[in-house]
Amino acid sequence: MSHPNAFKIRMARRSILQQSACGFAGLAASASASELLYTAAASQSPAAPPKAKRIIFLFMQGGVSQVDSFDYKPELQRRHGKTAAFNDARELARSGTRGTEQRLMQSPWKFQQYGECGRAVSELFPETARHVDDLCFLHGMHTDGVAHGPATLFLHCGSTNFIRPSVGSWIYYGLGAENQDLPGFVTISPSIGNGGPRNYGSAFLPARYQGTPIGSAGKSTLELANLTRQDSNLQRQQEQLQLIERLNEQQALRRGAENSEFEAIAESYRLAWRMQRVGPDILDLNTESKETLAEYGIDQPETRGYGEKCLLARRLCEAGVRFIQVNYGDNSANPAWDQHSNLPKHAEHAKAVDRPIAALLADLKRRGLLEDTIVWWGGEFGRTPYSQSNGTGRDHNPGGFTVWLAGGGFRPGIAYGSTDEFGFASVQGKVHMHDLHATLLHQLGLDHTQLTYRHAGRDFRLTDVYGRVISDVLA
């Protein structure tokens, strides 16, 4: 079905285009119409009272090993080096063979209990571990896709191969923007691989709901392209915008019907103009205190990169961006956490993200933002509890892994679900990726069965065909 406020949005756009014919002064006078566009998109009646307004997704690209981080398995330690039969996902996909013998490999990192809840966390994440009483662990996660590309697409878009809207786009479409001067969906340092722009694309949703990338994987600078201009003064820019708006009006009248791509481009010019006033200040991390920069690890080379991204995420959250994705990864075929033959590399990646993540949790809580902000941590899948080809790494494991959530009405200090004695397969409290999507939408006040868009003759949704809200993890 169409967006519930589609008619009001269409009328607001027409009003903006008509008023733009009066020149820049007319464009400025159209603020009320622009506000209507912003309000119309955000005024959908919620399916349930929302517990959260926004999401910060800390994406660990490549797949963190659950048995080396947050899913402690004493039996795996005891039976290190022994063999056992497993339905290996890659072997099943390749040949259909079940029950292949694999050599168990214990975690090289020690675990200890933290917090009042007594949750066991490995020494990879000592800073995050101090916040376990605020975290809700989902230990029974499972998903579709054994390779990075399909699994990453499924995580973001609910499909392993078809082009579908990303979760951030669905949320932006369903709730609109909190701040009309900023995009509703931002992805920080996204990778060009394993789905690339499709992971933050809007697919068949109106193009204006696609994510806005800031920076890119592999680059240290966090920039929004063309946010500021040095080649033209303010008066010249106003004249250019006036001309663009007049041309856009003529195009819109000539086309007659609404065109998604055209409207998205036209709106991008208007949004870019508004962002010039607020965007540079938000991106300028130097306005933060030395104490805050140090808390996020920005004063240390190992943690500076992800620390800057997490701090920027907090600033975007505070400014009213609905969905913020903070990527830790790279542009290679085997992204950061993908340790097939060198599991000790996990220590390097954990050190890079642990302190910034802990700082983000503490900062959000201190500012009262954690109450209505969901922090979602996880990757596209987990890793096997046995060594790959009797080596020193672990292969992909979509059948059992861990995700944690904080804030936004999730029960703090609990662990829901479990894997088997080795940490291989989800056996209790199983949560499919579609179930996680449904639950996240529910906390934002959206019914995943009703948040649909008609395309190619039928209604599509993020949790296409199936998915359920996991009520046991909700406060």
Side-chain angles (χ1 to χ4, degrees), residues 52-60 114-115 125-135 177-179 181-189 212-217 219-225 227-228 274-328 348-377 404-408 412:
K53 295 180 179 179
R54 66 198 73 85
I55 293 176
I56 298 176
F57 177 29
L58 307 173
F59 178 45
M60 303 290 108
Y114 288 86
F125 292 98
E127 300 294 333
T128 303
R130 295 188 174 92
H131 295 271
V132 291
D133 287 333
D134 292 318
L135 306 184
E178 280 192 278
N179 186 338
D181 295 332
L182 290 171
F185 172 19
V186 169
T187 179
I188 302 174
S189 297
T212 298
I214 295 179
S216 62
K219 292 186 178 181
S220 58
T221 55
L222 297 178
E223 296 179 338
L224 190 55
L227 183 61
T228 58
R274 298 194 299 269
M275 284 182 64
Q276 287 186 21
R277 294 180 294 133
V278 298
D281 289 338
I282 292 175
L283 291 173
D284 185 6
L285 303 184
N286 291 322
T287 59
E288 298 283 344
S289 68
K290 289 183 178 180
E291 292 77 14
T292 298
L293 296 175
E295 183 180 22
Y296 279 85
I298 296 173
D299 60 344
Q300 300 297 321
E302 299 91 347
T303 50
R304 179 178 299 124
Y306 206 67
E308 289 177 340
K309 294 168 188 159
C310 285
L311 179 54
L312 178 57
R314 190 223 79 203
R315 292 167 68 88
L316 290 168
C317 164
E318 209 166 25
V321 177
R322 287 283 186 195
F323 190 93
I324 307 149
Q325 179 157 326
V326 191
N327 300 282
Y328 181 82
E348 177 183 322
H349 298 309
K351 186 172 184 178
V353 304
D354 183 38
R355 185 175 180 182
I357 290 172
L360 176 63
L361 291 170
D363 204 3
L364 291 172
K365 190 172 184 179
R366 183 168 56 244
R367 293 168 182 266
L369 290 168
L370 192 59
E371 294 180 6
D372 59 6
T373 302
I374 297 170
V375 181
W376 165 21
W377 178 96
W404 61 252
L405 305 157

If every non-hydrogen atom of [X] is compared with every non-hydrogen atom of [Y], which pair is closest and at what distance?
X      : Y      : answer
Asp133 : Pro412 : O-CB, 3.2 Å
Leu369 : Thr373 : O-OG1, 2.8 Å
Leu182 : Ala319 : CD1-CB, 3.5 Å

Can you tell if the side chain of [X] reaches within under 4.5 Å of the side chain of [Y], non-hydrogen atoms only?
X      : Y      : value
Leu58  : Leu360 : yes
Thr292 : Ile298 : no
Leu283 : Leu312 : yes
Arg355 : Gln300 : yes

May I ask you to decide if the ring planes of Trp377 and Trp404 are parallel, tilted or perpendicular, using 30° and 60° as cut-offs?
parallel
Once you round to the nearest 0.5 Å, how far does [atom1] of [X] lie from [atom2] of [Y]?
X      : Y      : atom1 : atom2 : answer
Asp134 : Thr128 : CG    : OG1   : 11.5 Å
Leu316 : Thr212 : CG    : OG1   : 10.5 Å
Cys310 : Ile324 : SG    : CD1   : 11.0 Å
Tyr114 : Leu135 : OH    : CG    : 13.0 Å
Ile56  : Leu364 : CD1   : CG    : 5.0 Å
Leu405 : Phe57  : CG    : CZ    : 10.0 Å

Side chain to side chain contact (heavy atoms under 4.5 Å, CB included) for Leu293 and Leu311? Distances and angles first, verdict last.
CA-CA 8 Å; Leu293 296 175; Leu311 179 54; 3.8 Å; yes
Which pairs count as salt bridge (Lys or Arg N to Asp or Glu O under 4.0 Å) when at least one residue sits in residues 297-316, sequence neighbours excluded?
Glu288-Arg314, Glu288-Arg315, Arg314-Glu318, Arg314-Asp363
If only atom types and distance count, is the side chain of Arg322 paired as donor or acceptor with the main-chain N or O of Lys53 below 3.5 Å?
yes
Using only atom types and a distance under 3.5 Å, with no angle test, would you say the side chain of Tyr306 pairs donor to acceptor with the backbone of Val326?
yes
Holding to salt bridge (Lys or Arg N to Asp or Glu O under 4.0 Å), I want the full list of residues that pass it with Arg54, two or more places apart in sequence or in another chain.
Glu178, Asp372
Going by distance alone, is a donor N or O of one side chain under 3.5 Å from an acceptor N or O of the other, for Ser189 and Asn327?
no
